[in-house]
There are 2 protein chains.
Amino acid sequence: MKAPIRELADLAPLNLPRGRVAALVQDLRAEIVTGTIAPGATLVQEDLAARFGVSRMPVREAIKHLQMLGFVTVEDNKRARVAELSRDDFVEIYDMREGAEALAIRSAIPHLTNAHIEAAAAIQDRIEGVDPKGFGALNMAFHMTLYRPSGRMRLLTHVEMLFNAADRYVSMVSAGPELKAKANAEHRSLLEHCLARDTAAAEACVRKHISDARDALAQFF
Amino acid sequence: MKAPIRELADLAPLNLPRGRVAALVQDLRAEIVTGTIAPGATLVQEDLAARFGVSRMPVREAIKHLQMLGFVTVEDNKRARVAELSRDDFVEIYDMREGAEALAIRSAIPHLTNAHIEAAAAIQDRIEGVDPKGFGALNMAFHMTLYRPSGRMRLLTHVEMLFNAADRYVSMVSAGPELKAKANAEHRSLLEHCLARDTAAAEACVRKHISDARDALAQFF
DNA sequence: ATATTGAAAATTGGATACAATCTTAGATAT
DNA sequence: ATATCTAAGATTGTATCCAATTTTCAATAT
């Protein structure tokens, strides 16, 4: 009696993965990151509800969620606005990333197995492949694969939030081939330090990886 | 025509400061921090709504907010639970505080005026006064007064969140007089470093202040 | 022309009602 | 006695409706 008699019924309201709020957050996040919804644009609950075919209630919760993630700003009784971008904000995100990810790799290395490192290496292989599409997601997956074994949920959630915040900026510039090559080399050497379980070297590598990226990209804003 | 004809009407629904959600978050946060609502306890939306005299809708948003702040854990369609406490969680919070607050003081010092430092010193005077009540809030105010001039909103919000998370643990132990004296001395020397605009010394001071507190308190959990 | 005011429209905040899901207690079988 | 199943109850998720606030825009005054 494991499978109920619902087959056709499942087709219509599909891919609403247990809670439409999560789906809304993902969709809106993507539109904000790609600039489909411009910085400063207002988000009207009823419009979004109509567009996504739900009521205002899930939209409200999704907007609240996006607010906590820093994607939109909300004042009481006023319409939510997509958060503005600025050079200072970009630098702030990367400065925070440096500290948080240094702590993440430091906490993770004692728990890293070779399987973890190989998984990260496999992701790096894909990053160096031809497909430049979805670089942001792959890059985040590479880093998170190495951080996740730390088991520190607060820290991991925070790092993930910073990655998402950074995406808004990173996706705006098409990184030149020399920058990409540098980043790839740094990923490879980070993998080496992890294999050697050299905590200090790995942490320094992560710090430099991030602060160099900050300095290289900051000029674009 | 500035004042409508509502006088008695204003007395009943008073002190709901523009949005009852904020008030709910504060009240629930306080009850969780003080342990009035124990770790692991379930939060039933309708019960809370009845208790605070509102509908479930503001309660839902408050719970969602508390979730983001790490005070409660929520699974879809299940009742929210007050987050459990653990030694690992405590250490995690303090490790994150060390990195975040080091960055905060470093970013703030170039913008610090003597007025800022004097305001912090005034708060420290109160901390060293007789009244041990409200230490958590005063301590946070002292630190935030020094960090706020950095103007980095993301970072300040994050630091404040970590302070609130730490409160659940700190408020459980009654710090001995020697620990208090040590913390006060560290606050005073931090003020000195700020007056001298010695960024490196101030950052090192903050780091030690936090990591020492971590090591001193961790044993209690 | 520009600024100010006021009222209508738009929009958000909150309450109530219903649907979907989870939880619990009791019945049944082993 | 213990475990399993089932159905009723409890609880959360979503929709719809009303109230409170903000926004807009035209009318008026300067």
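Naming convention: chains lettered A, B, ... in sequence-line order (proteins, then strands); numbering from 1 in each chain.
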- request: Assess whether atom CE of Met172(A) is packed by more than 12 heavy atoms of other residues, nucleotides or ligands within 6.0 Å.
  value: no

field: For His158(A), all residues meeting ring pair (Phe, Tyr, Trp, His ring centres under 6.0 Å), sequence neighbours excluded
entry: His158(B)

query: Can you name the residues that form a ring pair (Phe, Tyr, Trp, His ring centres under 6.0 Å) with Tyr147(A), not counting sequence neighbours?
result: His143(A)

message: Can you tell me if Arg81(B) touches the phosphate of dT11(D), counting only side-chain N or O atoms and a distance under 4.0 Å to OP1 or OP2?
response: no

field: Where at least one partner belongs to residues 75-95 of chain B, residue pairs that pass ring pair (Phe, Tyr, Trp, His ring centres under 6.0 Å), sequence neighbours excluded
entry: Phe90(B)-Tyr94(B), Phe90(B)-Tyr169(B), Phe90(B)-Phe221(B)

- line: With the side chain defined as heavy atoms from C-beta on, Met57(A) is closest, among dG13(D), dT22(D), dA15(D), to dA15(D)

task: Would you jot down, in residue-number order, the residues of residues 60-71 of chain B having a non-hydrogen atom under 4.0 Å from DNA chain C?
output: none

DNA chain C-proximal residues of residues 40-56 of chain A, any heavy atom under 4.0 Å: Leu43(A), Val44(A), Gln45(A), Arg56(A)

Going by the rule side chain to side chain donor-acceptor pair (under 3.5 Å), which residues pair with [X] if we only count those two or more places apart in sequence or in a different chain?
| X | result |
| --- | --- |
| Arg81(A) | none |
| Glu128(B) | Gln124(B), Arg188(B) |
| Arg106(B) | Glu203(B) |

d([atom1], [X]; [atom2], [N]) in whole Å:
| X | N | atom1 | atom2 | result |
| --- | --- | --- | --- | --- |
| Arg20(B) | dT21(D) | CZ | C1' | 13 Å |
| Asn77(B) | dA19(C) | CG | C1' | 11 Å |
| Glu75(B) | dC22(C) | CD | P | 10 Å |
| Asp76(B) | dC22(C) | CG | C1' | 12 Å |

query: Want to settle it: does Pro58(A) or Lys78(A) sit nearer the 5' end of DNA chain D, counting the closest nucleotide to each?
result: Pro58(A)

message: For Arg152(A), give me all partners under salt bridge (Lys or Arg N to Asp or Glu O under 4.0 Å), at least two apart in sequence or on another chain.
response: Asp95(B)

